[in-house]
Protein chains: 2
Amino acid sequence: MTETNDSAGRALPSTRRSIPIALIRAREKVMTPIREMLADSGITEQQWRILRVLEEYGAQDASTLADRACLLLPSQTRIVQTLLEKGLVTRQADEKDRRKQTVAITDAGRAIIEDKLDDAKAIAARIEAVIGREKLTQLLDILEDFQKL
Amino acid sequence: MTETNDSAGRALPSTRRSIPIALIRAREKVMTPIREMLADSGITEQQWRILRVLEEYGAQDASTLADRACLLLPSQTRIVQTLLEKGLVTRQADEKDRRKQTVAITDAGRAIIEDKLDDAKAIAARIEAVIGREKLTQLLDILEDFQKL
DNA sequence: GCGCAATATTTGCTATGTTAAATATATTCT
DNA sequence: AGAATATATTTAACATAGCAAATATTGCGC
């Protein structure tokens with residue numbers, strides 16, 4: 001028996017089959033065209049995520065937004081600040097609980113999403129064409145399992 | 001027909017089934033215990049990747065190292081600089097082509113890997129226990145397909 | 001109703017990610 | 001050989017990631 005990668009062995013699995021590295025590599029490939037798409041709008045990937053979540057779910061407090069956009073709260077705070085300066089979102093304290101900040105997308109923000117809609121869909125379609133719808137579904141399901149960790 | 005997520009429709013797929021977001025979320029879950037493992041060594045996740053690659057493949061030039069550790073060259077440069085200061089790697093210009101920088105791990109660097117070996121393997125084992133070996137293999141295979149993008 | 005623990009968000013600091021420009025060395029072409 | 005070009009790496013500049021500490025409110029218990 002060849003024993004190249006026994007988890008009880010002395011060595012760690014090869015970095016070629018490392019889950020963390022594989023996740024980064026795949027993500028890098030997926031994001032490259034998305035960043036290109038956003039470049040001429042002066043919008044970053046994370047700013048785009050926040051706009052998308054706000055459009056999809058409507059106005060919401062900072063914590064919920066950070067969770068949905070998959071950002072840490074400190075990052076979210078700063079990104080929302082730059083989006084405020086760009087006039088793409090609004091932010092105001094909750095009436096009932098003033099600790100909470102409610103963030104909402106503006107028409108200008110919606111306009112950016114609208115503007116990139118076709119490009120974004122083309123990118124998604126290309127991914128599906130290359131990977132295949134079935135594998136993408138499998139992938140999403142497996143990735144969801146990681147939340148159990 | 002319900003038409004919740006038609007790629008020819010008006011809207012983008014829900015952020016809940018977004019590949020980029022799913023990849024980040026999964027990665028975050030995987031990395032949390034690894035960061036904890038490394039915290040007391042004062043080593044970051046990326047520094048750990050560089051050490052691991054150097055140990056696995058031996059001394060190599062900067063570009064190869066960056067590619068294998070899945071880092072952009074500018075990041076790699078800075079990280080190697082801090083690893084140099086910590087005495088965990090060495091760096092010297094290639095004799096034949098002085099543009100190239102050859103990076104190698106030191107004994108002190110190897111000692112850190114050695115030190116974390118059991119922890120790292122325990123983390124890997126836990127992931128395999130939760131996700132299952134078969135799904136992990138599927139995952140790695142699907143993620144590899146993304147390189148075709 | 002005041003003091004105090006709990007909650008929600010922001011700030012500060014260091015390390016990376018990302019892109020573009022700068023450096024340094026090699027190679028090619030004439 | 002010398003200029004132009006190509007390659008390898010580093011720097012610079014700005015945005016985000018991640019962690020710890022600071023702020024601001026709220027809710028609770030006495």
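In what follows, chains carry the letters A, B, and so on, assigned in the order in which the sequence lines appear, proteins first and then strands, with residues in each chain numbered from 1.
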K.L.:
Could you walk me through whether A:Q60 and A:V53 satisfy the side chain to side chain contact (heavy atoms under 4.5 Å, CB included) test, starting with their C-alpha distance in whole Å, then the side-chain angles of each, then the deciding distance to 0.1 Å, before giving a yes or no?
P.N.:
CA-CA 10 Å; A:Q60 55 202 283; A:V53 168; 3.7 Å; yes

K.L.:
Would you sort out whether A:I112 and A:I43 count as a side chain to side chain contact (heavy atoms under 4.5 Å, CB included), showing the intermediate values?
P.N.:
CA-CA 9 Å; A:I112 290 201; A:I43 294 292; 4.0 Å; yes

K.L.:
Which of residues 58-76 of chain B sit near DNA chain C, with a heavy atom under 4.0 Å from it?
P.N.:
B:L71, B:L72, B:P74, B:S75

K.L.:
Do A:T106 side-chain atoms and A:L88 backbone N/O form a donor-acceptor pair below 3.5 Å?
P.N.:
yes

K.L.:
Quick one: do A:L51 and A:L73 end up in the same hydrophobic cluster if we chain Ile, Leu, Val, Met, Phe, Trp and Tyr together by side-chain heavy atoms under 4.5 Å apart?
P.N.:
no

K.L.:
Does B:V30 share a hydrophobic cluster with A:L72, counting links as ILVMFWY side-chain heavy atoms below 4.5 Å and allowing steps through other members?
P.N.:
no

K.L.:
Taking a hydrophobic cluster as the set of Ile, Leu, Val, Met, Phe, Trp and Tyr residues connected by side-chain heavy atoms closer than 4.5 Å, whether directly or through intermediates, do A:I21 and A:L23 fall within one such cluster?
P.N.:
no

K.L.:
What pair of heavy atoms forms the shortest contact from B:P20 to A:M31, and how long is it?
P.N.:
CB-SD, 3.7 Å

K.L.:
Apply side chain to side chain contact (heavy atoms under 4.5 Å, CB included) to the pair B:R27 and A:I24, showing each step before the final yes or no.
P.N.:
CA-CA 8 Å; B:R27 191 179 137 60; A:I24 302 177; 3.4 Å; yes

K.L.:
Can you pull the salt bridge (charged side-chain N to carboxylate O under 4.0 Å, His left out) pairs that have at least one residue in residues 135-149 of chain B, sequence neighbours excluded?
P.N.:
A:R17-B:D141, A:R17-B:E144, A:K135-B:D145, A:D145-B:K135, B:D145-B:K148

K.L.:
Considering only heavy atoms, which members of residues 20-56 of chain B lie under 4.0 Å from some atom of DNA chain C?
P.N.:
B:T44, B:Q46, B:Q47

K.L.:
Using a 6.0 Å cut-off, check whether atom CZ of A:R98 has over 12 heavy atoms from anything other than its own residue.
P.N.:
no

K.L.:
Is there a side-chain contact between A:T64 and A:Y57, using heavy atoms and a 4.5 Å cut-off?
P.N.:
no

K.L.:
If you apply the rule salt bridge (Lys or Arg N to Asp or Glu O under 4.0 Å), what do you find for A:R99 with A:D97, and how did you get there?
P.N.:
CA-CA 5 Å; A:R99 291 171 303 182; A:D97 185 344; 2.8 Å; yes

K.L.:
Earliest and latest nucleotide of DNA chain C, 5' to 3', sitting under 4.0 Å from a non-hydrogen atom of chain A?
P.N.:
C:dA6 to C:dT19

K.L.:
Please lay out, stage by stage, how B:L84 and B:V89 fare under the test side chain to side chain contact (heavy atoms under 4.5 Å, CB included).
P.N.:
CA-CA 5 Å; B:L84 278 172; B:V89 304; 4.0 Å; yes

K.L.:
Using a strict heavy-atom distance below 4.0 Å, which residues from residues 84-92 of chain A are in contact with DNA chain C?
P.N.:
A:R91

K.L.:
Are the charged groups of B:D40 and B:K116 less than 4.0 angstrom apart, N to O?
P.N.:
yes

K.L.:
Sugar-phosphate atoms are those with a prime plus P, OP1 and OP2; base atoms are the rest. Using that split, label each nucleotide of nucleotides 22-27 of chain D B, S or - for protein heavy atoms under 4.0 Å, 5' to 3'.
P.N.:
---BS-

K.L.:
Is B:L136 reachable from A:L140 through a run of I, L, V, M, F, W or Y residues, each pair having side-chain heavy atoms under 4.5 Å apart?
P.N.:
yes

